[in-house]
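One is the number of the first residue; the rest follow in order along the sequence.
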Amino acid sequence: MLKGFKILDLTHRLPGPLAGKILADMGAEVFKIEDQKHKDPFLSGAFSEFDRSFEDWYEELNKKKQIVRLDFKSPTIKEEIREYLKTADGILLSLSPKLKMSLGLDDESLKSLGKPLAVVELEASSSHKKAMHDLNALALTGFLSLHVAHEEEPIVAPPFLPVAGIAFGQQVATQILANMLEATRSKSYVKTVSYLYDTAESVLHPFWSKTLRDQKKTKFLHNGAYPCYSLYRTKDGQYAAIAAVEDKFWTDFIATFNVPLPLEKRFNTDEESFSIVSKIFAKLTADEIEKMAHDKELCLSIVRKIT
């Protein structure tokens, strides 16, 4: 779909590289330009030093790109970058103002190219002036409140994936495509700034609106409000993920597993209803559950724990 388009990715860590990955997956030629000394923090520096899983993230996010490492302190660096700019259709930027200037990636330098060019710059927030990570964005937007709403433990692990950063990367990919379309249409330089906090607020808001917040509602279908949509431990210590929301799925589920919880009670929120389903799964191994359900449409899957 994007064959023939060239994108320069001058971002690091998660959101920008994810946006670049999405564009590369759609056929764009993506060049990830890094300082040959400092590289990307996921590959070299604080992140990779304490958790090697970030190195795997780096490889997954950037394996379809051409990695270009240049000496950002070189006296010829502006000329080297400009060679890539000559044929670029879009740029993903996440650099300090000083570094943008020294690399020739400031607005004035980019406009001087005199060609259609789309730019998206990544920043933390349009309203909060302090630095932030994914967890901060989720906390400041209020959505992390759902994660801790029913917790009493002194230490609570964060959500299992950086939700805000992933949403941000998707938004940046969408924005650069919109900017490229406008740059082509207007034959001009088009730049916008995308923000982590603002994206989290915009993308997640429909799923916990002001109306729901005012109602102080914290339990929904997707975070365990009803027995028909939850995770249950099996006899051998695995988990069964049941998502039998529709009538036909629940009807077949209770028939297959002899569950004494009729159709009209699958949306009960009382502890007893959850317990009824839990006791059924607790008597069966994961393999037994899969065998009983293999030829049926129950929206039932096994979650196998990492050991």
Side-chain angles (χ1 to χ4, degrees), residues 1-35 40 58 61-70 72 77-127 137 164-203:
M1 289 180 285
L2 293 179
K3 186 176 181 180
F5 287 89
K6 180 175 176 180
I7 308 294
L8 304 185
D9 180 0
L10 287 110
T11 65
H12 51 272
R13 297 189 304 213
L14 191 159
L18 173 58
K21 175 192 182 305
I22 292 169
L23 298 169
D25 287 343
M26 289 192 286
E29 188 177 14
V30 182
F31 292 80
K32 188 172 192 299
I33 300 178
E34 302 175 356
D35 184 352
D40 188 302
Y58 176 90
L61 291 170
N62 299 296
K63 61 186 176 183
K64 289 187 178 180
K65 305 172 188 177
Q66 295 188 46
I67 306 298
V68 179
R69 296 198 173 106
L70 304 174
F72 283 7
I77 188 60
K78 281 190 177 181
E79 289 75 16
E80 293 175 60
I81 295 286
R82 200 170 182 87
E83 285 302 308
Y84 287 95
L85 290 172
K86 286 179 181 179
T87 54
D89 299 289
I91 308 173
L92 302 173
L93 272 180
S94 181
L95 303 172
S96 68
K98 182 178 180 180
L99 187 53
K100 284 189 295 181
M101 187 72 70
S102 68
L103 298 179
L105 292 168
D106 56 285
D107 286 339
E108 185 176 342
S109 297
L110 293 176
K111 287 178 181 178
S112 72
L113 293 168
K115 53 173 280 187
L117 182 63
V119 178
V120 174
E121 190 159 13
L122 287 69
E123 292 189 6
S125 171
S126 63
S127 54
I166 293 171
F168 188 29
Q170 294 274 354
Q171 171 63 25
V172 169
T174 302
Q175 189 63 62
I176 192 70
L177 289 174
N179 287 9
M180 286 166 59
L181 181 63
E182 179 58 27
T184 301
R185 181 184 298 160
S186 63
K187 295 182 172 54
S188 64
Y189 173 72
V190 177
K191 175 185 173 182
T192 56
V193 180
S194 287
Y195 302 94
L196 171 63
Y197 169 85
D198 302 58
T199 296
E201 179 69 44
S202 174
V203 171

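When the side chain to side chain donor-acceptor pair (under 3.5 Å) test is applied to Lys63, the partners found at least two apart in sequence or on another chain are Glu60. Under the side chain to side chain donor-acceptor pair (under 3.5 Å) criterion, Arg82 pairs with no residue at all, not counting sequence neighbours. Remark: Lys64 engages Asp25 in a salt bridge (Lys or Arg N to Asp or Glu O under 4.0 Å) (not counting sequence neighbours). The ring pair (Phe, Tyr, Trp, His ring centres under 6.0 Å) test applied to Phe31 returns Tyr84, not counting sequence neighbours. Shown here are the side chain to side chain donor-acceptor pair (under 3.5 Å) partners of Ser188, two or more places apart in sequence or in another chain: Ser186. Annotation: ring pair (Phe, Tyr, Trp, His ring centres under 6.0 Å) contacts of Tyr197 (sequence neighbours excluded): His128. Residues passing the side-chain contact (heavy atoms from CB on, under 4.5 Å) test with Met26, sequence neighbours excluded: Met1, Leu2, Ile22, Leu23, Leu177.
Among pairs with a residue in residues 91-122, none fulfils ring pair (Phe, Tyr, Trp, His ring centres under 6.0 Å), at least two apart in sequence or across chains. Evaluation of the salt bridge (Lys or Arg N to Asp or Glu O under 4.0 Å) test over residues 173-186, restricted to residues two or more places apart or in two chains, returns Glu182-Arg185. Counting only residues at least two apart or on different chains, no ring pair (Phe, Tyr, Trp, His ring centres under 6.0 Å) pair has a member in residues 89-126. Sorted by first and then second residue, the pairs that involve residues 89-101 and meet side chain to side chain donor-acceptor pair (under 3.5 Å), not counting sequence neighbours, are Lys100-Glu121.
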Exercise. Is there a side-chain contact (heavy atoms from CB on, under 4.5 Å) between Phe5 and Met180 once you walk through the steps?
Worked result: CA-CA 10 Å; Phe5 287 89; Met180 286 166 59; 3.1 Å; yes

Side-chain donor-acceptor contacts of residues 164-173 below 3.5 Å, not counting sequence neighbours, with atom names and distances?
none

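The only member of Arg13, His12, Lys32 that meets side chain to side chain donor-acceptor pair (under 3.5 Å) when paired with Asp40 is Lys32.
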